Structure formats: C-alpha cells, structure tokens
Amino acid sequence: MNASLPSGSGVHPGDGTPRPVVLVSGLSGAGKSSILRMLEDLGFETVDNPPLSVLAEIVTEGGGVPIAAGVDARTRGFDVAGLLALLDRLHHMPGVAPQLLFATADEAVLLRRFSETRRRHPLAPGGSLGASVADGIAREAALLAPLQDAADAVIDTSELPLPDLRRLVEQRFRASGGLHGMAVAVTSFAFPRGLPREADLVFDMRFLRNPHYDPALRPLTGQDAAVAAFIREDAGFVPFWQRMTALLDPLLPRYAAEGKKYLTVAMGCTGGKHRSVLLAEMLAAHLVEQGWRVDLSHRELNRAMTGPAGQRAADGPAPSISPVGREAPSCTP
C-alpha cells in the first residue's frame with residue numbers, strides 16, 4: 001500500500017516548532033499499546049493501527065498537537081515498504097518532526113506473555129497455543145525486520161518493568177512531545193546484572209576504590225557525602241573525571257547535530273550502589289550546567305525500591321531523578 005500525502009500538505013504550528021509525530025511499531029506483545037498510553041499521558045494525540053492512507057491524513061491535521069500512531073502487522077493494508085515510504089515523505093514535510101519507535105522483546109519473553117494472557121498472536125491463527133504463537137512470532141519478526149533496522153529508537157522490553165519503560169518514554173518524549181533538541185539519560189548500574197540495553201555509551205567505574213569493603217560505608221550509597229569523599233580520594237579519580245568530561249563535552253553536540261534525539265550514558269560498577277551512582281550524579285549535574293536536558297536514574301537503587309525485574313507497575317513507579325530543580329552534587333573533583 002502506498003499512502004500518499006494530501007497535495008500541498010504540511011503542518012505549520014503557530015510558533016514555528018515542528019509537530020512531533022511518533023510512529024510506534026514493533027512485535028506483538030512487546031509493549032506497543034503501553035507505549036502509546038504513556039505518550040497519551042504526555043499530551044500526544046494517539047491513534048492505534050489506522051490504515052496507512054488515513055494515517056497520512058491524520059498527521060496533516062490538528063495544527064501543532066503532537067501525535068503518536070501505532071502501526072504494525074494488525075494494520076489494515078499493512079505494508080512495510082509503504083510505511084517506510086510514508087515515513088520518508090514525512091521527513092520531507094515542512095513543519096513535521098517524525099520518528100519511528102520500535103518495541104521488541106526476546107522470543108521466550110513474548111511466548112510467556114502470550115501464554116499468560118491466552119491471547120492469539122495476530123500472525124498465528126489456529127494451532128496449539130505454544131507452537132502457533134512461536135510460528136507467529138517468527139513470521140512477524142521477519143516481516144518487521146526492515147522497520148527495526150530503520151527505527152530511530154529500539155526499546156527492548158524483555159527485562160524492562162513497566163515503571164522503567166515509562167521512565168524511558170518520559171525522558172525521551174516529555175516536554176512538548178519532547179522532541180526539541182537531544183535529551184541525555186544518565187544511569188548507574190551493576191555489571192553483574194547486565195548492561196542497560198538502552199545504553200549508547202558505557203563507562204566502567206570498577207577501577208576506583210570500592211566503599212563496599214568499608215563496613216561504615218557499605219550501607220550507604222554514592223549519594224552520601226561520606227561515600228563521595230572516600231571515592232574522590234582515589235588517585236585515579238580526578239584524571240578520569242577530567243578525561244571523561246573532555247571526551248563527552250565535544251562529543252554530545254556532534255550527536256545532536258547529526259539529529260540524534262536522545263542519548264543514554266551508563267556508568268557501571270560492581271554493585272551499582274556506590275561508585276557508579278556518584279559518577280552518574282556528577283555527570284548529570286555537569287551536563288545540566290552545559291545546557292543539556294538530562295534525566296538521571298539509578299537502576300539498582302530503583303530495583304531495590306520496586307522489587308525484582310519484571311515486577312508489575314501496580315507496585316508503584318520507579319523513581320526518575322532529574323538534577324534540574326534539586327541540589328546537585330559538585331562536579332569539581
């Protein structure tokens with residue numbers, strides 16, 4: 001299906017700001033509907049699975065209101081080439097800022113989710129639940145592979161609880177539809193629990209002296225002054241901080257100039273509680289001083305508050321801490 005845009009179409013908000021248009025696609029069961037609801041909470045006008053011809057009309061109406069649309073294999077007249085062609089035309093429309101967001105998850109996770117909900121996979125009619133769903137997942141993954149390759153952002157929800165998914169969506173799309181300039185997410189984590197899947201840049205803090213072995217500091221975190229002082233006393237701390245900021249300060253503007261809308265910098269250590277937390281706090285404050293829009297989070301501290309990975313959102317949202325509007329740690333080692 002080739003969805004053409006209306007003749008002379010274009011969106012021209014009164015303030016000259018391009019209208020955010022987010023197309024949400026991905027594998028069935030990977031969280032597309034949840035992402036659309038989160039975008040709706042952020043002020044987006046949302047529509048799920050409109051025909052591509054209708055979608056072309058939707059994005060040219062409504063002035064500058066941000067819009068998010070779910071488009072996947074369930075869409076009537078769905079065609080990957082047609083959707084990519086539409087996306088390309090949107091990129092050339094004046095007054096529109098389109099992005100393609102793709103949600104995915106491991107096959108085992110998708111199988112478990114379909115088993116738990118007893119829902120039929122849209123590409124696997126008939127057959128026993130397990131075999132039918134597995135076949136449907138494989139067919140859908142092959143069908144949508146070009147969309148995943150072309151996506152501006154891919155979110156893997158395999159080990160992502162709903163509160164953390166909401167945090168990712170909010171940090172990338174809040175504030176006017178959140179697409180003006182590049183947003184930077186800074187997160188701390190523990191290496192033994194795996195790299196953050198969304199990380200673009202990863203720094204390893206395990207070379208610094210570890211407060212864990214000091215009984216007085218072990219129960220504290222990198223947000224505590226005593227832990228910060230202990231880590232700063234390491235002879236390697238100041239040279240590392242200087243070199244890291246000297247790397248990032250000119251690098252981030254280059255990413256933004258290339259059109260990147262969000263960047264995730266991950267700081268890791270052994271437990272995700274002391275060294276990585278301090279450096280993440282310091283880096284977030286430093287980037288705010290440089291004028292970046294920053295979201296700060298601590299994965300392991302958040303997990304300690306919300307429970308094991310995969311816990312439902314009903315248990316309460318994981319905190320997302322922004323250095324804006326709060327007392328930030330000093331960036332001067």
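These figures come from a predicted structure and were not determined experimentally.
- The side-chain heavy atoms of Pro146 and Leu84, taken from C-beta on, include a pair separated by under 4.5 Å.
- Between Asp41 and Val169 there is no side-chain heavy-atom pair separated by less than 4.5 Å.
- Residues Leu278 and Val227 fail the side-chain proximity criterion, which asks for heavy atoms closer than 4.5 Å.
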*asked:* Using the rule given for side-chain contact (heavy atoms from CB on, under 4.5 Å), can you reason through Arg243 versus Leu247, listing the C-alpha separation, both sets of side-chain angles and the distance that settles it, and then say yes or no?
replied: CA-CA 6 Å; Arg243 287 177 172 83; Leu247 169 69; over 6 Å; no

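- Val202 and Leu263 are members of different hydrophobic clusters when ILVMFWY side chains are connected at heavy-atom separations under 4.5 Å.
- Rounded to the nearest 0.5 angstrom, Leu287 CG and Arg293 CZ are separated by 13.0 Å.
- Shown here for Phe230 and Arg209, the closest heavy-atom pair between the two residues is O-NH1, 3.2 Å.
- Closest of all the heavy-atom pairs between Asp48 and Ser33 is OD2-OG, 4.3 Å.
- No side-chain donor-acceptor contact under 3.5 Å links Gln99 to the backbone of Asp152.
- Between Trp292 and Ala256, the shortest heavy-atom contact is CH2-CB, 4.0 Å.
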*asked:* Walk me through whether Arg232 and Met282 qualify under side-chain contact (heavy atoms from CB on, under 4.5 Å).
replied: CA-CA 12 Å; Arg232 289 170 184 268; Met282 289 181 59; 3.7 Å; yes

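- Between Ser276 and Phe189, the closest heavy-atom pair is OG-O, 3.6 Å.
- If you take CG on Leu143 and CD on Gln148, they are separated by 12.5 Å, rounding to the nearest 0.5 Å.
- Atom CD1 in Ile155 sits 11.0 Å away from atom OG in Ser34 (nearest 0.5 Å).
- Judged purely by distance below 3.5 Å, without hydrogens or angles, the side chains of Arg113 and Thr157 pair a donor atom with an acceptor atom.
- Glu198 has its side chain out of reach of Tyr262: every pair of non-hydrogen atoms, C-beta onward, lies at least 4.5 Å apart.
- Within the 4.5 Å cutoff, no side-chain heavy atoms of Leu42 are placed close to those of Met38.
- Grouping the Ile, Leu, Val, Met, Phe, Trp and Tyr side chains by contacts below 4.5 angstrom, directly or via other members, places Met205 apart from Phe191.
- Scanning all heavy atoms of the two residues, the minimum distance from Phe207 to Gly236 falls at CE1-O, 4.0 Å.
- Results of the side chain to side chain contact (heavy atoms under 4.5 Å, CB included) test with Val22 over Leu101, Ile67, Ile35 single out Leu101 as the only residue that passes.
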*Please report the C-alpha distance between His286 and Asp249 in whole Å, then the side-chain angles of each, then the deciding distance to 0.1 Å, and finally whether the side-chain contact (heavy atoms from CB on, under 4.5 Å) criterion is met.*
CA-CA 10 Å; His286 173 78; Asp249 287 350; 2.9 Å; yes

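- Atoms CD and CZ, from Glu45 and Arg19 in turn, are 6.5 Å apart once rounded to the nearest 0.5 Å.
- Val71 places none of its side-chain heavy atoms less than 4.5 Å from the side chain of Leu147.
- Of all non-hydrogen atoms in Leu217 and Ala226, the two that sit nearest each other are CD2-CB, 3.8 Å.
- Residue Phe203 is not grouped with residue Leu195 when hydrophobic side chains (ILVMFWY) are merged at heavy-atom distances under 4.5 angstrom, including chains of intermediate members.
- Hydrophobic clustering (ILVMFWY, side-chain heavy atoms < 4.5 Å, transitive): Leu279 and Leu251 are in one cluster.
- A donor-acceptor pair is defined here as one N or O able to donate and one able to accept, closer than 3.5 Å; no such pair exists between the side chain of Asp106 and the backbone of Ala108.
- The line from CE of Met244 to CG of Leu201 is 10.5 Å long, rounded to the nearest 0.5 Å.
- Using a 4.5 Å cut-off on side-chain heavy atoms (C-beta onward), Leu110 and Thr104 make no contact.
- Atom CG of Asp72 and atom CG of Leu23 lie 11.5 Å apart (nearest 0.5 Å).
- Taken together through direct or relayed side-chain contacts under 4.5 Å among Ile, Leu, Val, Met, Phe, Trp and Tyr, Leu160 and Val109 form parts of separate hydrophobic clusters.
- Proximity of a side-chain donor or acceptor of Thr46 to a complementary backbone N or O of Leu36 within less than 3.5 Å is not detected.
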_As a quick check of understanding, evaluate side-chain hydrogen bond (donor to acceptor under 3.5 Å, both in side chains) for Arg275 and Thr270, giving each step before the final call._
CA-CA 9 Å; Arg275 295 165 291 180; Thr270 304; 3.2 Å; yes

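- A donor-acceptor pair is defined here as one N or O able to donate and one able to accept, closer than 3.5 Å; such a pair exists between the side chain of Asp200 and the backbone of Thr264.
- Arg299 places no side-chain N or O within 3.5 Å of a backbone atom of Ser188 that could act as its donor or acceptor partner.
- Pro211 has its side chain out of reach of Leu220: every pair of non-hydrogen atoms, C-beta onward, lies at least 4.5 Å apart.
- Counting only distance, with no hydrogens or angles, the side chain of Asp224 and the backbone of Thr221 share a donor-acceptor pair below 3.5 Å.
- Across Glu281, His274, Lys273, a single residue satisfies side-chain hydrogen bond (donor to acceptor under 3.5 Å, both in side chains) together with Gln223, and that is Glu281.
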